[in-house]
Amino acid sequence: MSEIKQNKLKLYDSLSREKRVFEPLKSPHVGLYVCGPTVYGDAHLGHARPGIAFDIVFRYLKHLGYKVRYVRNITDVGHLENDADHGEDKIAKKARLEELEPMEIAQFYTDRYMDSMDALNVQRPSIQPRASGHIIEQMEMVSKILDSGYAYESKGSVYFDVKKYNEKHNYGKLSGRNIEDVRENTRSLDGQDEKRDGVDFAIWKNASPEHIMRWNSPWGSGFPGWHMECSAMSSKYLGNEFDIHGGGMDLKFPHHESEIAQSVAANCCEPAKYWMHNNMVTIDGQKMGKSLNNFITLDEFFSGNHNFLEQAYEPMTIRFFILQAHYRSTVDFSNEALIAASKGYDKLMKAAETLAELKSSDKSDYDVKAWANKCYAAMDDDFNTPILIAHLFDVVKAINSIKVGKMSITADDLELLKAQFNIFVFEILGFKASEKSNNSANMSGSLIDMLLKMRHQAKMNKDWATADDIRNQLTDLGVAIKDTKDGAEWEL
RNA sequence: GGUCUCGUGGCCGAGCGGCUAGGCUGGGCUCUGCAAAAGCUCCCACAGCGGUUCGAAUCCGCUCGAGACCUCCA
């Protein structure tokens, strides 16, 4: 039996709209389901948000000792287009344009998505199920809902009967709206005349002739409704009731709202004990998204190849930037903010190196335990990473002070500090030092050390011209020289 | 139009009844042959107007402004 760390983790539950103490249904096991990407385009900064936010949830829960099964789906089928492409699958549409197999497109962008997430040091979920691989499960769930009487068949499609559901249950409880408001504001969609009520939504959709992705079903040739995949796959891998369901705020309605209704109708219970929603990334104060066409892809950030970008940004800068804001707040993108994040991140990483070489003495001026407790308190308070990062910079100051000799630390405290610092920075926040150390780097390191010796000799002789010449030339090559009391240090 | 969020210093962003985070930027000082780095330090903000309170950025009301969802969206 594994030990769960003593903690008072609270998380904000979107359904009850309050912070609740986290208590898993079947401790030490935790089931976490997050809505993943629709793979018909490159991942942009907006996709990094839930990727990183729930990576933190995943990492922290594991750190606390829970056995977490993290499921994040890949949507490669099912989302309807509006406008000119009534009823045509988004992926199928793209496929037609590029004359590729739909699955080829899906695979291509799935791989690209994974690459981007890997670059951001987002840990891979335990399971990444594809919607197209779970058509049978989805059909089974549609049947169950029909059996329970909360759906009806109409012209080869199956619709969820919201009105009937709402008689006994509350459709709208998650997104905070009532069925009348929804009805009034529903615009006319394809297939509206097939529905008994405008608020009803398709759980199985009849495929029009030009629709490429289609499967035979008891109701005819078609494809699953928009929200079925998450309901079917979450219950398959995590059970009818699991702990946490996450996703972007923009999915609350209608996606998550409908998921709840489907699960109640099919399985007689609500799927998740806690609902978590990350907020949006904005650009010029507006949501960055596909529909507004104002997005910048992660690859573009990494390469700097975009008009908005003044420079390229390291993946870890993006990660740091996102974690400096709380996941439930919007973050506004700007070059200025990213450059600031980049500098702050470098400072943190330098401190990590300094810490590794720190020397202890016989007394401590820094209360390491109190510091660590504050860090845990920040994480326990709904994963408050900005506060955690603020505490990290507090200890960075202490680390630098100890190095300069203005503060001191005992061997025991130093050991604890190293352990906890690494836990918070690398294990929980998931940062990683940039990989500079390889053979050629070692070689150039030796060469730089040699040049520094020559410079030291020149300095002894008060030959400032030579000393400065060596330093300036190294600086031009991108090697920064820092003179300290113990001799010169350098970094790339 | 409906539902709901949010408006914090030069910028980004926490806090959500008192002790006024943190990062970036800018000024000063220490160290140093100079520089860089680091340390110390300064710049004490909470959209506006009322109200509650001994006390409000934090609670309530109104006004103004921004945004999200209501359609695929992370």
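Values reported hereafter were calculated over all heavy atoms of this structure, with side chains retained and with hydrogens, waters and symmetry mates removed. So that the names make sense, note that chain A is the first sequence line, chain B the second, and so on, each numbered from 1.
- Note on A:Asn178: nothing from the nucleic acid sits closer than 4.0 angstrom, heavy atoms only.
- Note: CG (A:Leu348) to P (B:rA38) measures 13 Å, nearest angstrom.
- The side chain of A:Phe253 lies closest to B:rC70, out of B:rA37, B:rC70, B:rG33.
- Put simply, A:Lys287 has a side-chain N or O that comes within less than 4.0 Å of OP1 or OP2 on B:rC69.
- Within a 6.0 Å radius of NE2 in A:His169, more than 12 heavy atoms belonging to other residues, nucleotides or ligands are found.
- In this structure, the CG atom of A:Asn294 is 14 Å from the C1' atom of B:rA68, given to the nearest Å.
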Scan nucleotides 20-31 of chain B against the protein and return all N/O pairs shorter than 3.5 Å with their distances rounded to 0.1 Å.
{"from": "B:rU25", "atom 1": "OP1", "to": "A:Lys343", "atom 2": "NZ", "distance (Å)": "3.1"}

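- A donor and an acceptor atom never sit less than 3.5 Å apart when one is taken from the side chain of A:Arg471 and the other from the base of B:rA36.
- Nucleic acid contact class of A:Ser291 (heavy atoms, under 4.0 Å, all strands): base.
- Salt bridge A:Asp413/A:Lys369: absent, no basic N to carboxylate O contact under 4.0 Å.
- Here the P atom of nucleotide B:rC12 and the CD1 atom of A:Ile283 are 14 Å apart, to the nearest Å.
- Figure legend: A:Lys397 and A:Tyr366 shown without cation-pi pairing, the cationic atom not lying both under 6.0 angstrom from the six-membered ring centre and within 45 degrees of its axis.
- Here B:rA35 is the nucleotide among B:rC73, B:rG2, B:rA35 with the atom lying nearest to any side-chain atom of A:Asp483.
- For B:rA56, there is no paired base (Watson-Crick or G-U wobble, both distances below 3.5 Å).
- Minimum heavy-atom separation, A:Ile399 to A:Ala351: CG2-O, 3.9 Å.
- Nearest heavy-atom pair, A:Arg124 versus A:Phe58, reported as atom, atom and distance to 0.1 Å: O-CE2, 3.8 Å.
- A:Ser175 and A:Arg177 share a side-chain donor-acceptor pair at under 3.5 Å.
- No side-chain donor-acceptor contact under 3.5 Å links A:Ser329 and A:Asn279.
- At whole-Å resolution of the value, CG in A:Leu174 and C1' in B:rC70 are 14 Å apart.
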